Every structure is written in C-alpha cells, then in structure tokens.
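Source: prediction; values computed, not measured. Side chains are part of it too, since the values below use all heavy atoms of this structure and drop only hydrogens, waters and symmetry mates.
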There are 2 protein chains.
Amino acid sequence: MDIKTLCLGLLSLNEACGYDLKKKFESLFKHFFAAGYGSIYPALADLAEAGLVDCREVPQNGRPARKVYSITESGRKHFQDALNSANPTHKLRSDFLVMMYFADQLDNDRLQLLLNSRVSAFGGVTAHIKNITDSWPSDSPAGARFVAGFGEAMAKAATQYIEENRHILKGHSQDQAKGQPRIRHTDLSQANHQPAATIEERV
Amino acid sequence: MDIKTLCLGLLSLNEACGYDLKKKFESLFKHFFAAGYGSIYPALADLAEAGLVDCREVPQNGRPARKVYSITESGRKHFQDALNSANPTHKLRSDFLVMMYFADQLDNDRLQLLLNSRVSAFGGVTAHIKNITDSWPSDSPAGARFVAGFGEAMAKAATQYIEENRHILKGHSQDQAKGQPRIRHTDLSQANHQPAATIEERV
DNA sequence: GACCAGATATATCGAAACGATAGTGTAGCT
DNA sequence: AGCTACACTATCGTTTCGATATATCTGGTC
C-alpha cells in the first residue's frame with residue numbers, strides 16, 4: 001500500500017488538507033506508518049489529477065489558502081479495491097538492532113546508552129498512545145483501538161525483552177584495543193566456494 | 001544508518017561479494033532490515049569509490065566473476081565512527097495495521113483472512129529465526145543472539161496480541177451496503193477552523 | 001536423456017519515498 | 001520588541017524499492 005492509497009483512506013473518513021493529514025500521521029499512525037510532507041503533497045496532487053479526490057480552495061486571511069481535499073465516489077471505490085486486493089506488508093527497519101548486532105564493536109558506555117535510550121523511546125511510544133487514546137470516546141472505532149493496543153503491546157514486549165536480555169551484551173571496555181573484531185573470521189572468497197553452511201564464518 | 005554503512009559493517013566481519021551480502025540480509029537481518037540488489041550493488045560501488053573497501057575480482061568458470069569486497073582500515077574507522085555517532089532509528093511500517101485501522105470498511109471474510117495470514121506470517125518469522133539460530137555454535141556472538149531473540153519475542157507478542165484482541169474487530173457482513181462509512185463524519189473545512197480536539201471527528 | 005526449477009552472480013532503471021528546508025503571516029507570551 | 005509556536009503551503013536532491021534482464025551450473029524428476 002503506497003502513500004497515495006493511505007491518504008485516500010484517511011480522506012474516506014474526513015475531508016482534509018495536507019497539513020491535517022500530516023497531523024493524523026503523527027498522532028494515529030505514528031508508531032506504524034510515517035509520512036512527511038515530501039510524500040503527502042505529491043500524493044494529494046496525484047490523487048486530484050486522477051480524479052479520486054476533489055480539491056477546493058478555502059481562502060484564509062494572511063495564511064496560504066487551505067486546499068481541502070474530499071474523496072470522490074471513484075476514489076472511494078478505488079480505496080475499497082485497494083483494501084480488498086493488496087496483501088499487506090508489516091516491516092520493521094531498525095538501525096538499533098543493527099547496532100546491537102555489532103555490539104562487540106561498541107564500547108560499554110555507548111552500548112548502555114543505546115539500550116537506555118531505546119527503552120526510553122519505547123516509553124515515549126506508550127505515553128504517546130495513552131495520550132491520544134485518552135481523549136477518545138467510548139464508541140471510537142474498533143480498528144483505531146486495535147492498532148493503538150497493538151502499539152502498546154509491542155512497546156511493552158520490546159521493553160521487557162531488552163531489560164531481560166541486555167545482560168548478554170557486553171561492549172568491550174573503553175581502554176581495550178578498538179577497531180579489530182576479536183573473533184575469528186575466515187576467507188570466504190575462494191573461487192567456486194562451498195555453500196556458506198560448511199564454512200567457518202561469523203554469523 | 002544507511003545501506004552503505006550497513007554493508008560496511010557486514011564487511012567488517014567478513015569479506016564478501018554483493019550476492020553474499022544479500023544472503024546475509026535475508027537470513028540474519030530478515031526480520032528487521034531489508035535490502036535488495038538495487039540498494040546493495042550501488043552501495044558497494046560507492047564504498048569502493050570512497051576507498052572504504054577494496055574490490056578484487058575472482059574469475060569463475062562460466063559464471064560472472066565474483067567481485068569480492070574487503071574493508072580497508074579507513075573503512076573500518078569510518079564504520080566505528082558511524083556506530084558511535086548515529087542515534088539509531090527503529091521504525092515499523094505496516095500496511096497490515098493500516099488495514100486494521102480501516103477494519104469497518106472490510107467485509108468479515110476478508111478481515112479474518114488478513115488476520116490469519118498475519119498470524120501465519122509471524123509464525124514464519126519464528127520458524128525462520130529458529131532455523132538460522134539452530135546452526136549456530138554455542139559461542140556465537142552475543143549481538144546476533146540478542147537480535148534473533150528480539151525478533152522471536154516480537155513475533156510472539158504480536159501473535160498473542162492478535163489472537164487476544166481480534167474479537168473486537170468486526171468487518172461488516174458481505175450483504176451489507178458497501179462503500180459508505182457508517183460513522184458520522186463532520187466537515188473539517190471551515191476557514192480558520194478550530195483545533196481538532198474541539199471538533200467531532202473520526203479518530 | 002530431456003527438461004525444469006533453483007542456486008550463483010552480475011547489474012540497471014524508473015518509480016517511490018525520505019528528509020530537510022524554505023516561506024510567510026498570526027497569536028501569544030515575556 | 002523580540003521570541004517561539006502554530007498553521008499552511010511546497011519543493012528538491014538523494015536514497016531506496018522492486019522488478020527485471022542475463023547467463024551458467026546443479027540437482028532432481030519423468
């Protein structure tokens with residue numbers, strides 16, 4: 001599902017301008033789908049050109065006019081089709097885990113700092129979700145509650161995992177020699193080399 | 001952390017060709033960092049041009065020659081710097097959760113299908129991680145075990161959350177009218193409109 | 001022996017998305 | 001008077017994605 005479709009989906013609930021959509025991304029979708037202006041504005045322009053949304057300019061005193069986009073029947077149908085055809089992805093991209101993978105090239109202070117700030121980032125996610133859901137009425141849509149709960153559950157599980165397992169990671173102490181990995185590593189590059197499983201190699 | 005840096009990190013452990021790196025991404029990093037050929041090959045070329053890696057061609061019978069990249073001292077230093085300066089991200093991008101957010105525009109069969117295949121996808125993640133870790137020696141690096149465990153923990157927590165909360169989602173039945181949301185939605189577009197919190201709006 | 005799927009290895013190209021930045025006036029606070 | 005936050009627009013260069021092309025060897029099946 002691309003950003004265009006997502007914007008269309010949000011517009012299927014309420015008409016909105018680009019700025020409104022950005023705010024939604026940063027409140028409702030913050031923990032599972034990020035989108036910046038550089039994605040949203042072109043997406044809206046494309047949707048308008050394709051006739052999936054209408055654009056209406058609402059002038060304001062001083063400020064740039066709001067360009068309010070509202071979904072058309074064609075757009076609504078298009079979104080329904082997208083909901084029913086796509087097989088949805090669910091992808092994590094984590095520099096944090098990459099760094100943890102390379103923990104033995106970090107010194108210990110740095111490692112502990114990274115772990116602590118990740119835990120605190122998950123705390124921030126939890127706080128954010130609590131913050132937005134607190135204002136919801138009791139009849140708020142099930143989907144919204146489901147995804148909020150999912151975010152909470154993930155943040156909690158991640159925090160717990162880190163706290164329970166951080167002890168297995170030990171960065172080297174700072175006065176130790178840096179820059180050379182302290183594990184064996186073996187030449188991989190013979191012509192016609194064997195399948196990886198039969199070669200001694202750092203996992 | 002961009003793909004270049006990540007490739008450099010992998011090359012700090014073993015020299016490798018583009019194809020080798022791709023395999024690593026698809027085994028070790030599969031659950032938290034994806035990268036395709038379209039990212040890896042340009043990254044290697046850039047690294048070589050910047051002098052952070054050396055490239056050595058190893059001819060093979062029939063097949064295209066392996067271009068084996070090995071990290072230079074400069075490259076190693078560069079990677080250490082990257083490890084110590086970046087504040088790492090950890091981002092989820094989930095079309096699945098987007099769709100769940102729009103659950104009330106899905107019919108029930110489709111909704112159940114999506115939930116089931118997501119659960120089974122998490123099962124696949126768990127199986128994949130078990131598969132790669134089973135072959136590891138007992139002295140395998142702590143970082144690798146930490147990130148593998150993290151993936152397992154997340155897959156487990158996600159599965160559990162879905163199973164325990166899927167009942168709150170109810171897609172409409174198939175014979176019901178489609179295409180119109182059944183919740184109120186209010187015009188957002190008055191000039192100089194109020195802050196969102198004071199307007200009735202679908203969350 | 002014929003045949004096909006899959007592994008090994010390279011690489012490119014257009015489309016999509018990211019991330020940072022710019023501009024401009026209002027409102028409110030100190 | 002000056003500062004910061006907010007409301008709204010928008011662009012632009014870089015990075016990344018995803019699909020595809022090419023070519024040969026290997027291993028298994030009918």
Do [X] side-chain atoms and [Y] backbone N/O form a donor-acceptor pair below 3.5 Å?
X	Y	result
B/R76	B/I71	no
B/D134	B/N131	no
A/R118	A/A158	no
A/Y69	A/L8	no
A/R93	B/R93	no
B/T72	B/G75	yes

Tell me the interatomic distance from [X], atom [atom1], to [N], atom [atom2], rounded to whole angstroms.
X	N	atom1	atom2	value
B/L21	C/dT8	CG	P	14 Å
B/K23	C/dG6	NZ	P	17 Å
A/Y19	D/dC6	OH	P	8 Å
A/E26	D/dC6	CD	P	12 Å
A/L6	C/dA16	CG	P	15 Å
A/L44	C/dA16	CG	C1'	15 Å
A/K22	D/dA7	NZ	C1'	14 Å
A/I40	D/dC8	CD1	P	14 Å

Let me have the donor-acceptor pairs involving side chains of residues 30-48 of chain A, under 3.5 Å, with sequence neighbours excluded, atom names and distances please.
residue, atom, partner, partner atom, Å
A/H31, NE2, A/V147, O, 3.1

(request) Five pairs at each end of the helix from C/dG1-D/dC30 to C/dT30-D/dA1: take the axis at both ends and give me the angle between them to 10°. (result)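 Comparing the first five pairs with the last five, the axes sit 30° apart.
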(request) Mind running side-chain contact (heavy atoms from CB on, under 4.5 Å) on A/L52 and A/K77 for me, showing each step along the way? (result) CA-CA 9 Å; A/L52 304 175; A/K77 173 155 190 336; over 6 Å; no
(request) Select one nucleotide: of D/dA10, C/dT12, C/dA11, the one nearest the side-chain heavy atoms of B/K67. (result) C/dA11
Please enumerate all protein N or O atoms sitting under 3.5 Å from an N or O of nucleotides 17-23 of chain C, with distances to 0.1 Å.
residue, atom, partner, partner atom, Å
C/dA17, OP1, A/I3, N, 3.1
C/dC18, OP1, B/R93, NH2, 2.5
C/dC18, OP2, A/S39, OG, 2.9

(request) Tell me which of B/P42 and A/D46 sits closer to the 5' end of DNA chain C, going by the nucleotide each one is nearest to. (result)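 First, find each residue's nearest nucleotide; the 5'-ward one identifies B/P42.
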(request) Classify the side-chain pair B/D54/B/S70 by whether it contains a donor and acceptor separated by less than 3.5 Å. (result)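 Short answer, no.
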(request) Please determine if a side-chain N or O atom of B/Y41 lies less than 4.0 Å away from the OP1 or OP2 oxygen of C/dT12. (result)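 No, because none of the side-chain N or O atoms of B/Y41 sits under 4.0 Å from OP1 or OP2 of C/dT12.
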